[in-house]
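Within every chain, numbering begins at 1; the chains are lettered A, B, ... in the order of the sequence lines, protein sequences first and strands thereafter.
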Amino acid sequence: MNLIAEFPVECYDLPATLASGQAFRWRESQPVWTGVISRRWVSLRQEPGCIVAQTAVAVADWQWLRHYLQLDLDLHQVLATFPQDDVALQTAVRACPGLRLLRQEPWECLASFICSSTKQIVQIQQIIALLSRRFGEPVPVPEGHEPVWSFPGYARLAGVSEADLRDCKLGFRAPYLRATAQMLATGEADLTRLHTLSQEEARAELLKFPGVGGKIADCVLLFACGFPQAFAVDVWIMKALRRHYFPRRVVKPEKLRRFIRTHFGPHAGYAQQYLFHYMRVKQG
DNA sequence: TCCCAGGCTGCTT
DNA sequence: AAGCAGCATGGG
């Protein structure tokens, strides 16, 4: 039972990973990043060759954190599957080697990305913080740290009024989040078995939720359901794809999806994250 | 003031 | 099938 643990890592850029727009609950305070995973307050710090984690409540088994951070993934094996002659992609990788994908809890991930449409990442972080503070449960925090709350479960949000959600800055997304929470609360839909389906089947299930289209579905498949080939196309990615792979050409969505699958390969989602991150940092 | 943001829905052609 | 306005809210 420990409050602190050290995890040896190779090629893991913790700050870039936590700030790369896949999870929205992490805050940086000097060298330390604090966040909430499930019902645990966690602080993470990158050190040479390892990540140091601290919790508020003693931990017997750290597997939940290893899983969240995907510490057992061999990144070099992933990078080896990328097209080696793709200059744009290789440039993006070299700009931030060590950028990783997390494995998030499906409901929080789905809810977060329902809130994400036509929002900047900082605003999504604000919305998630408001939802947690207002509808989540207090989480134990070490002495002297800001209070934090767990992300509210779908059972809780299913019973919240649309007006209360709009108070959390959800805008037109409020009815989407509420209806999605209700589908899960009634058992009409289920997120826990998505990882057992094929990627296409799981995607079709996600598309049944109101406010969830192809982009958000792919984010959930990639960031929460363990489908590394899922490739989310947002405005930034579309800009990169058009510039590097389809210059001066109109490309239909279905053809684009086929190109992505065949060109980027079995870990296309990782490629997507490198391209997205590179576009963002290059623009500023 | 205008434009854009990790989009989706529903209504037009 | 494909195009497009509308949808809230905040930042540059």
Roughly how many Å apart are C/dG6 and B/dC4, using the C1' atom of each and rounding to a whole number? 16 Å
Along DNA chain B (nearest heavy atom to each residue), the more 5'-positioned of A/S20 and A/F209: A/S20
If I take atom OH in residue A/Y176 and atom C1' in nucleotide C/dG6, what distance separates them, rounded to the nearest angstrom? 10 Å
Please, which pairs that meet side-chain hydrogen bond (donor to acceptor under 3.5 Å, both in side chains) have at least one residue in residues 1-10 of chain A, sequence neighbours excluded? none
Applying a strict under-4.5 Å side-chain criterion to I, L, V, M, F, W and Y, I'd like to know whether A/V42 and A/V57 cluster together. no
Salt bridge or not between A/R166 and A/E162? Use side-chain N to carboxylate O under 4.0 Å. yes
How long is the line joining CG of A/L170 and C1' of C/dG10, in whole Å? 14 Å
Selection: residues 118-129 of chain A, any non-hydrogen atom under 4.0 Å of DNA chain C: A/T118, A/K119, A/Q120, A/Q123
Less than 4.5 Å apart, any side-chain heavy atom of A/W26 and any of A/I37? yes
From the options A/E28, A/Q46, A/R27, select the one residue that forms a side-chain contact (heavy atoms from CB on, under 4.5 Å) with A/W33. A/E28
Rounded distance (nearest 0.5 Å) linking atom OG1 of A/T180 with atom CD1 of A/I114: 3.5 Å
Listed in order of residue number, which residues of residues 86-108 of chain A have a non-hydrogen atom at under 4.0 Å from DNA chain B? none
With under 30° as parallel and over 60° as perpendicular, where do the rings of A/Y176 and A/F172 fit, or are they tilted in between? perpendicular
So OG of A/S112 and CD1 of A/I124: to nearest 0.5 Å the spacing works out to 8.5 Å
Can you check side chain to side chain contact (heavy atoms under 4.5 Å, CB included) on A/L222 and A/L101, steps first, answer last? CA-CA 8 Å; A/L222 181 62; A/L101 292 179; 3.5 Å; yes
Contacts to DNA chain B from residues 268-276 of chain A, heavy-atom cutoff under 4.0 Å, which residues? A/Q272, A/Q273, A/F276
Quick one, A/F7 with A/Y12, criterion ring-ring contact (aromatic ring centres under 6.0 Å, His included). Give me CA distance, side-chain angles, the key distance, then yes/no. CA-CA 11 Å; A/F7 304 96; A/Y12 202 121; over 10 Å; no
Sole candidate of A/M1, A/Q54, A/R40 that passes side-chain contact (heavy atoms from CB on, under 4.5 Å) when paired with A/V59: A/R40
Would you mind listing every side-chain hydrogen bond (donor to acceptor under 3.5 Å, both in side chains) that reaches into residues 221-235 of chain A, with sequence neighbours excluded? none
Within residues 214-242 of chain A, the residues having a heavy atom closer than 4.0 Å to DNA chain C are none
Say whether, by atom type as modelled, one donor and one acceptor occur between the side chain of A/Q22 and the main chain of A/Q104 under 3.5 angstrom. no
Separation of A/C225 SG from A/R203 CZ (nearest 0.5 Å): 12.5 Å
Would you list the atom pairs, donor with acceptor, under 3.5 Å between side chains in residues 272-279 of chain A and any protein atom, with sequence neighbours excluded?
unit_1 : atom_1 : unit_2 : atom_2 : d
A/Q272 : NE2    : A/G269 : O      : 3.1
A/Q273 : NE2    : A/S20  : O      : 3.2
A/Q273 : NE2    : A/S20  : OG     : 3.2
A/Y274 : OH     : A/L99  : O      : 2.9

Taking it one step at a time, do A/S38 and A/E105 satisfy side chain to side chain contact (heavy atoms under 4.5 Å, CB included)? CA-CA 8 Å; A/S38 184; A/E105 195 280 315; over 6 Å; no
Among A/E200, A/E201, A/Q199, A/H195, which residue satisfies the side-chain contact (heavy atoms from CB on, under 4.5 Å) criterion with A/L197? A/E201
Would you measure the distance from the P atom in B/dC3 across to the matching atom in C/dA5 and give it in whole Å? 13 Å
State yes or no: are the ring centers of A/F246 and A/F259 separated by less than 6.0 Å? yes
Please tabulate, one pair per line, all N/O donor-acceptor pairs under 3.5 Å involving side-chain atoms of residues 134-159 of chain A, not counting sequence neighbours.
unit_1 : atom_1 : unit_2 : atom_2 : d
A/R134 : NH2    : A/D164 : OD1    : 3.0
A/S150 : OG     : A/E137 : N      : 3.1
A/S150 : OG     : A/E137 : O      : 3.4

Check whether any side-chain heavy atom of A/D13 lies under 4.5 Å from a side-chain heavy atom of A/P97, and answer yes or no. no
Terminal contacting nucleotides, 5' and 3', DNA chain B versus chain A (heavy atom, 4.0 Å): B/dA5 to B/dT9
Sequence-distant partners of A/D85, side-chain hydrogen bond (donor to acceptor under 3.5 Å, both in side chains), two or more places apart: none
Taking only heavy atoms on the protein side, list every residue of residues 162-169 of chain A lying under 4.0 Å from any atom of DNA chain C, sorted numerically. A/R166, A/K169
Using a 3.5 Å limit on both distances, find every run of at least three consecutive Watson-Crick or G-U pairs that involves DNA chain C. B:2-5 with C:9-12, B:7-13 with C:1-7
Please classify the nucleic acid contact of A/G21 as base, sugar-phosphate, or nothing, using heavy-atom distances under 4.0 Å. base
Using the P atom as the point on both nucleotides, what is the distance between C/dA8 and B/dC11, in whole Å? 16 Å
